[in-house]
Amino acid sequence: MSDFPSRITYPQAQAIVRRVADARRLGSERVATRRADGRILAEPVRAPIPLPPFDNSRMDGFALRHADVRGEGGTRLRIVGEQFAGYSAGLRIGPGECARITTGAPLPAGADTVIIREDVREQEGSIAFDIAPAPGADIRSAGEDVAAGEQVMTPGQLLTPARLSLASALGMAELRVSRRPTVAVFTTGDELVEPGLPLGPGQIYNSNRELLMGLLRAQGLEPTAWPSLPDDPARIEPQLRDAASAFDVVITCGGVSAGQKDYLPALLAGQGEIHFWKVRMKPGMPLLFGTLERAAFLGLPGNPVSVLATFQSMGCALLDGLQGRAEPRPRRFAALAAPWRKRHDRYEFLRGSLQCGQDGRLSVLPHPADASHRLRGAADSDVLLALPDGARDYAVGDVVEVFGY
Ligand code: AMP
Ligand code: MG
């Protein structure tokens with residue numbers, strides 16, 4: 001096989017994935033705002049209108065002129081009309097006058113202050129009160145949240161419900177977002193049987209497909225799974241090339257180690273390009289990354305926990321990069337709830353359970369079953385816990401980064 005980086009460190013691998021993903025940035029499309037959750041924004045969003053769009057009342061009460069407020073001596077104002085939300089009653093408030101107003105209703109001309117209903121006595125077409133509301137009280141001014149023309153979102157941001165709400169408040173029915181990567185998922189191995197079918201000698205059920213499909217769907221994608229591939233290069237090659245010519249990303253699992261039946265590295269070297277093979281991480285050491293046809297190709301190791309760790313780290317970095325996600329994902333850290341002896345040099349992901357103490361501090365209890373085939377340990381846990389390069393004895397209270405799954 002030709003020359004490519006091998007046995008590189010985890011940070012080196014991350015850097016390569018990011019560089020390749022950046023160079024393969026997907027195009028953009030306009031989508032309905034109501035369907036854009038979880039997408040990555042591909043254009044700056046400027047406010048076509050101010051927010052609020054007009055001066056309006058913050059409370060149910062009466063709109064008045066602050067110049068009329070008498071304070072101690074008591075104020076009495078004549079009610080000249082009603083202004084509810086949703087239209088303009090065309091009122092003008094003159095000296096000694098007020099108008100009934102509801103929350104969100106536009107402020108009538110002449111009024112500059114609102115007094116809440118609970119603070120006034122109403123009698124025969126007028127109101128009386130003894131307190132003195134501050135000038136401008138209970139008014140929401142046009143543009144106080146967002147000024148017209150102001151940029152409120154930048155390309156590369158994740159569209160959260162709050163951001164979609166902001167876009168909606170600005171009247172934007174469509175947004176330009178990065179295209180979602182299309183993802184083809186392959187499991188490989190002669191030993192695999194689909195759940196629901198009888199298990200023969202030496203066979204195991206295919207557990208990685210649901211793991212991978214679930215992890216991808218959790219990223220908001222709609223991945224496509226292929227029937228599992230046998231360990232036969234003549235069968236593997238056409239199927240992978242076929243998928244790689246139609247999809248943005250091909251993810252396989254299994255067949256990337258140094259075993260007799262691990263055909264994927266040679267296939268990728270021959271038919272495509274390897275960007276790296278083997279990363280000094282645990283689990284996930286045989287991870288393979290390259291390009292095949294028009295697709296980015298991620299060859300995950302076969303053990304389920306390796307799939308989890310490599311997908312959550314490299315897979316997510318690849319998907320983020322392809323979509324131009326510029327905002328770093330929020331990071332979380334927790335204190336170890338048990339000591340851990342790390343005897344090797346590689347970057348390691350343990351599985352762990354996150355707990356929040358009475359004091360609000362997060363702690364994480366590493367699962368003792370740390371071998372990469374121990375699916376139960378992953379199922380009983382809720383985070384991956386990252387231990388960076390280098391052997392080290394971790395003590396209770398040492399802070400580590402955690403990644404939810
Ligand atoms: P491999 O790298 O292909 O030798 O796979 C490593 C280990 O992961 C072997 O024990 C495989 O049986 C197991 N494995 C591979 N693919 C799957 C899968 N889809 N579901 C469950 N286990 C798998
Ligand atoms: Mg295999």
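First listed ligand is number 1; within each ligand, the first listed atom is number 1. On a predicted model such as this, the values are computed, not experimentally measured, just so you know. Below, all heavy atoms of this structure are taken into account, side chains as well, without hydrogens, waters or symmetry copies.
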| message | As a quick check of understanding, evaluate side-chain hydrogen bond (donor to acceptor under 3.5 Å, both in side chains) for Arg241 and Gln271, giving each step before the final call. | response | CA-CA 8 Å; Arg241 290 188 64 159; Gln271 308 295 324; 2.2 Å; yes

| Around ligand 1, what residues show up once you keep those with a heavy atom under 4.0 Å from it? |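 Under the 4.0 Å cut-off, ligand 1 touches Thr187, Thr188, Glu191, Leu192, Ile204, Tyr205, Asn206, Ser207, Asn208, Gly254, Gly255, Ser257, Asp262, Gly302, Asn303.
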
| query | Within 45° of the six-membered ring axis of Phe349 and under 6.0 Å from that ring's centre, is NZ or CZ of Arg351 located there? | reply | no

| said: Exactly one of Asn208, Thr252, Asn206 should register a side-chain hydrogen bond (donor to acceptor under 3.5 Å, both in side chains) with Thr187. Which one does? | reply: Asn206

| task | Could you tell me whether the side chain of Lys282 reaches within less than 4.5 Å of the side chain of His344, counting heavy atoms only? | result | yes

| request: Taking the side chain as every heavy atom from C-beta outward, state whether Pro155 and Leu41 have any pair of such atoms under 4.5 Å apart. | output: no

| said: Regarding Lys261 and Asp231, does a basic nitrogen lie under 4.0 Å from an acidic carboxylate oxygen? | reply: no

